[in-house]
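Throughout, numbering of the chain's residues begins at 1 and tracks the sequence.
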Amino acid sequence: MRYLTTAEVAERYRTAESTVRYWRHLQKGTRGIKVGKRVLYPEAELLRYERALIDGGEDWGLAS
């Protein structure tokens, strides 16, 4: 399984790292796991979240 850092997730979603951390604080977006001081995001979780957005199963969906 591949894990992405906060910086890689921010790049993937074309946003700032601080935004990814804020989403995590709000418990929105993808779920991460803490490994020591780092938060890593399983790529499978990113794909699950993206699929949920496309299907309309999450609060934050696609823009009109």
Side-chain angles (χ1 to χ4, degrees):
M1 182 179 300
R2 183 168 181 242
Y3 292 88
L4 283 77
T5 64
T6 301
E8 291 168 326
V9 172
E11 183 177 332
R12 181 180 183 128
Y13 294 129
R14 297 180 181 157
T15 192
E17 290 180 49
S18 59
T19 300
V20 175
R21 286 190 290 272
Y22 181 64
W23 290 343
R24 191 175 65 247
H25 171 75
L26 294 177
Q27 297 181 339
K28 297 285 184 179
T30 61
R31 297 181 192 119
I33 59 169
K34 271 201 118 161
V35 179
K37 292 183 179 182
R38 298 182 79 175
V39 177
L40 298 175
Y41 299 86
E43 190 169 37
E45 174 60 20
L46 297 175
L47 295 172
R48 182 213 59 82
Y49 178 68
E50 291 165 4
R51 178 85 278 167
L53 289 176
I54 291 169
D55 293 343
E58 294 284 334
D59 291 341
W60 298 1
L62 300 173
S64 314

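In terms of the side chain to side chain donor-acceptor pair (under 3.5 Å) criterion, residue partners of Glu50 (sequence neighbours excluded) are, by chain and number, Arg12, Tyr13. In this structure Glu11 satisfies the side chain to side chain contact (heavy atoms under 4.5 Å, CB included) test with no other residue, sequence neighbours excluded. For Arg2, the salt bridge (Lys or Arg N to Asp or Glu O under 4.0 Å) partners at least two apart in sequence or on another chain are Glu43. Residues meeting the salt bridge (Lys or Arg N to Asp or Glu O under 4.0 Å) test with Glu8, sequence neighbours left out: none. The side chain to side chain contact (heavy atoms under 4.5 Å, CB included) check on Ala16 picks up Ser18, Thr19, with sequence neighbours excluded.
Across Leu46, Val20, Leu47, Leu4, a single residue satisfies side chain to side chain contact (heavy atoms under 4.5 Å, CB included) together with Thr30, and that is Leu46.
Both Ile33 and Met1 are assigned to one and the same hydrophobic cluster, defined by single-linkage of ILVMFWY side chains at heavy-atom distances under 4.5 Å.
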Do any side-chain atoms of residues 34-42 form donor-acceptor pairs under 3.5 angstrom with protein atoms, and if so which ones, sequence neighbours left out?
unit_1	atom_1	unit_2	atom_2	d
Tyr41	OH	Arg24	NH1	2.7

